[in-house]
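Structure, as structure tokens:
So that the names make sense, note that chain A is the first sequence line, chain B the second, and so on, each numbered from 1.
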Amino acid sequence: MGLIETQVAAELAEWPGFKSHGLGAEKIRENLVRPPKDDMGDLAFATFKAAKEAGKSPAQLALELVAGRDTARISKRLRKIEDPDDTADEPVAPPRSALVVAVGTAGPYVNIRLNRAAAGALLLTEIEKQGEAYGNSESGKGKTLVIDLSSPNIAKPLAVHHLRSTMIGYSIKKIRESQGWRVVGVNHLGDWGTGFGKLIAGLKRIPSVAALAAKKAKEQLTEGNFEVLPEFTVKELNAEYQKFNEAMKSDPELEASGKREFALLEQAIVAENTKPGSAVGTPGYENFYIYRSAREKSLSEFARVYKDLGISFKPLSIVAAQRSKEEQQLKSGTFPATGVYIGESHWAVVGARCQPIVDTALKTGVAEKSDGAVVIWVNGKKPGKDGKPPPPVILQKDDGASSYHLRDIASATYRHEGLGGTDLAYVVGSEQSLHFQQLFKALEMLGYEWAKNCTHVDFGLMLFKNDKGGWEKTSTRRGTAIMLEDLLDEAIKSVREIMAAKNPELAGTPDGEAVAHAVGVGAVVFNDLKAGRRNNVKFDWDAVLDFEGESGPYMLYQYVRMGSVMQAFSKRYCEQEPGLPDEASAKAGAQATGIALDDVAKAALHGDAALLTLDEEWRILKLLAEFPDAVAKASDEYEPSVVAQHLIKLAGATSTWWVATRDSRIVGDDKALSLARVRLVNAIRTTLGKGLTLLGMSLVDRM
RNA sequence: GCGCCCGUAGCUCAGUGGAUAGAGCAGCUGCCUUCUAAGCAGCCGGUCGCAGGUUCGAUUCCUGCCGGGCGCGCCA
């Protein structure tokens, strides 16, 4: 309630009681709390701290603050303190003021009741002025957050657990942007490592693939001709990889072949990068073809799922000139996608950043050789009780290859220097917390002062019910992993079925399909974001597909209801009343899906907030007022669930109000009252819509 | 063994250094001639893991224990 609290504090500071105790507006604001029950008051001043400074009992101070000039009443009340049974505090008449209308004490609290009409008008005007910008702030102005999100591995399908990093990251991006931050999304694709050597070795065991790759490798790779794996889906690529791993167990030679194939791949890429065409015809170039094909295949499958979620990524070019153009787009916010793919391979291949980091670290003594590898002892070398020192960060393996730590360091310096990140965030599962703790420590030891602005935005695991009824991690091998795409499809299908029963006119139409998509995806997304990110997610089909209660569809349902009310208002009043825009009625016909709502919103500006006298309406107004605080908190804590939880309260209060007005209707016979209520409806719709958008959900006008 | 995260209603989760700890789901009872019942109201349900400490006040902060999860040098 930022807006209102500030004014209340200013008003209270003028009260004789507060003045004589030297309590200024700022101090008052700091100690304003929200009473646990609505009937206790709207706000309360907690006297504990002030009482300590004044050397008085909190309850006594509370009475003195409230007393005004009525000393006789004070002494009467002080006597009541002596007799705890007598708790009947009567309100004391306050000085006249705009917002504060009634004050009473309850022990150490000065409970404040607000002038609902004045507070309501103040707030509604603010929301109307801000519109979709309601909840925004400028607190991040001039700062840039580079956020690592989604980051799947190529040649593996997107499974449900990828939803977490993707949507938590996307929502944080939107929330931070609303607070004035410039945010660059980076999809740190897992597209490098010996695992891909194994994949290549495995695929080469298939004669047709080997033959096609050999043939292709004789010509220069161009955009159109890299396809050597046309018949493979990503799922099948992954199956080949699994098969190879299985075979490796009984044949150590296979493991060595994987390493060899990876080394060949690396050579070819580096050669190609140095001098295009120089690797053509080499065995490594065959690997490059296979690798490239698998990568493209993966990206196109990812794009399909990302599109369902309403997001997109584009790769960062490996061509320097093109790349710097893209970097400018990223910096200015004109990059034509949610984020940029900068895979790990980028740092192994393009990154001239890696080797200098190692060299400098060795020269300055930050790093040293250990067992042939270059390491940084980020947590010291002293052995613990187990006789082993805490694990160091490995920059370079004993065979000279870069480690993922080194590539992350290179990538981090790029995010700071190349992308202008003042702050870096990594939306990655909590199982990697040691890695990030080490990474940040290493950055600090390497002398990057911005290391303190790096945050691991960790989140809990996705767990699945096993045969014994317990919860365990997903396993692709055991087939317990659920494909993200399947989950979304299943949710959309369920929505379709429900819609056929509840809204048969809409179901099956093209509009209905779009709605089913938005509601189904929204259900999955909201389900993922509503709880604190650190909780493990116990994946349960029944819970995900339950569209009642605290669910995405419920949120959208309340949003849709608000639109329906505005439509109803348009039909009933706009077309008859000369004072209201009558073109609204024409647009608000049966087809309308929000087009006319802007006009209704304009009409609603004339509503009189003083007519919103119901407790249900007041509760909604207070929740609307608190919305910006929730967004700010969510931003500070990298915690979208703070927004989601607030929306749950707002949607619930809205639904309660809807039913409470069942008899008179929100749009009823009383035109002035209807108009006032539609004004509130419009504010709810604005706020709810804004919040859901911040969570990365799409809005619908019917469902 | 060490490190990080977690422990709140039968289940899934909110919550806060302060007033009588809240939702949803599940179970039971009611409520649709009306702007969508994907809804609303009510009942039932709690030793806030345990024990100390700090504080005027602790579910919240600190310490120790118990229970669960994850991780712990050349995979990423």
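Using modelled atom types, one finds no donor on one side chain facing an acceptor on the other under 3.5 Å when comparing Q437(A) with Q432(A).
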Stepwise side-chain hydrogen bond (donor to acceptor under 3.5 Å, both in side chains) check, R702(A) with S564(A)
CA-CA 8 Å; R702(A) 294 185 291 170; S564(A) 297; over 6 Å; no
Please assess H646(A) against D629(A) for the test side-chain hydrogen bond (donor to acceptor under 3.5 Å, both in side chains), listing each intermediate value before the final yes or no.
CA-CA 10 Å; H646(A) 189 76; D629(A) 302 340; over 6 Å; no
Passes salt bridge (charged side-chain N to carboxylate O under 4.0 Å, His left out), K198(A) versus E261(A)? Steps please.
CA-CA 7 Å; K198(A) 292 182 203 164; E261(A) 299 293 1; over 6 Å; no
side-chain hydrogen bond (donor to acceptor under 3.5 Å, both in side chains) assessment of S150(A) paired with R164(A):
CA-CA 8 Å; S150(A) 202; R164(A) 306 227 71 207; over 6 Å; no
Could you please spell out the steps behind the side-chain hydrogen bond (donor to acceptor under 3.5 Å, both in side chains) verdict for S345(A) and D191(A)?
CA-CA 6 Å; S345(A) 65; D191(A) 63 354; 2.8 Å; yes
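A residue-by-residue look at D399(A) and L461(A) shows that L461(A) has its nearest nucleotide of RNA chain B further toward the 5' end. Comparing N111(A) and A660(A) by the nucleotide of RNA chain B that holds the closest heavy atom to each, the one mapping nearer the 5' end is N111(A).
At the phosphate of A37(B), OP1 or OP2 sits under 4.0 Å from a side-chain N or O atom of R561(A). One finds no side-chain N or O of N535(A) lying less than 4.0 angstrom from the OP1 or OP2 phosphate oxygen of C5(B). At the phosphate of C40(B), neither OP1 nor OP2 sits under 4.0 Å from any side-chain N or O atom of W657(A). In this structure, K382(A) does not reach the C2(B) phosphate: none of its side-chain N or O atoms is under 4.0 Å from OP1 or OP2. Taking only side-chain nitrogens and oxygens, K49(A) never comes nearer than 4.0 Å to OP1 or OP2 of G17(B). Using a 4.0 Å cut-off, no side-chain N or O of T194(A) falls inside it from OP1 or OP2 of C75(B). For the OP1/OP2 pair of A41(B) and a distance below 4.0 Å, the side-chain nitrogens and oxygens of T656(A) include at least one atom meeting the criterion. Distances shorter than 4.0 Å separate none of the side-chain N or O atoms of K649(A) from OP1 or OP2 on G22(B).
Residue Q558(A) contributes atom CD, which lies 8 Å from atom P of G39(B) at whole-angstrom precision.
Pairing partner, C11(B): G24(B), with both Watson-Crick or wobble hydrogen-bond distances short of 3.5 Å. In this structure, G67(B) forms a base pair with C6(B), meeting either the Watson-Crick or the G-U wobble geometry with both donor-acceptor distances under 3.5 Å. The nucleotide C31(B) finds its pairing partner in G39(B), both defining distances of the Watson-Crick or G-U wobble pair being shorter than 3.5 Å. The base-pairing partner of G1(B), taking Watson-Crick or G-U wobble contacts with both distances under 3.5 Å, is C72(B). Within the shown strands, nothing qualifies as a pairing partner of G57(B) under the Watson-Crick or G-U definition with both distances less than 3.5 Å. Across all strands shown, C48(B) forms no Watson-Crick or G-U wobble pair with both distances under 3.5 Å.
Here the separation of G46(B) from G15(B), taken at their C1' atoms, is 14 Å to the nearest Å. Nucleotides U60(B) and G53(B) have their P atoms positioned 14 Å apart, rounded to a whole Å. Spacing between U20(B) and G52(B) at atom C1', rounded to whole Å, works out to 27 Å. Across the P atoms, U54(B) and C62(B) are found 16 Å apart, a figure rounded to whole Å. Across G49(B) and G69(B), the matching C1' atoms stand 16 Å from one another, rounded to whole Å. U47(B) and A21(B) have their C1' atoms separated by 13 Å, given to the nearest Å. Between C13(B) and C70(B), the two P atoms lie 15 Å apart (nearest whole Å). The gap from the P atom of U8(B) to that of G68(B) amounts to 14 Å, rounded to the nearest Å.
Within the cation-pi definition used here (under 6.0 Å to the ring centroid, within 45° of the axis), R619(A) does not qualify as a partner of W657(A).
With distances taken from any side-chain atom of S655(A) to the nucleotides C72(B), C13(B), G39(B), the minimum falls on G39(B). Side-chain proximity of K397(A) to C35(B), C75(B), C56(B): nearest is C75(B). Closest to the side chain of K37(A), out of G22(B), C35(B), C40(B), is G22(B). Of the candidate nucleotides G71(B), C35(B), U12(B), U12(B) has the atom lying nearest to any side-chain atom of K538(A).
Residue contacts for P58(A): at a heavy-atom cut-off of 4.0 Å it reaches no nucleic acid atom on any strand shown.
Where stacking is scored as ring centres under 5.5 Å apart with planes under 30°, Y554(A) does not register as stacked on the base of G39(B).
Aromatic ring centres of H456(A) and H435(A) lie farther apart than the 6.0 Å criterion allows.
Around CD of E255(A), the count of heavy atoms belonging to other residues, nucleotides or ligands within 6.0 Å does not exceed 12.
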What pairs of nitrogen or oxygen atoms, one from the protein and one from nucleotides 26-32 of chain B, lie under 3.5 Å apart?
from: C31(B); atom 1: O2'; to: R662(A); atom 2: NH1; distance (Å): 3.1

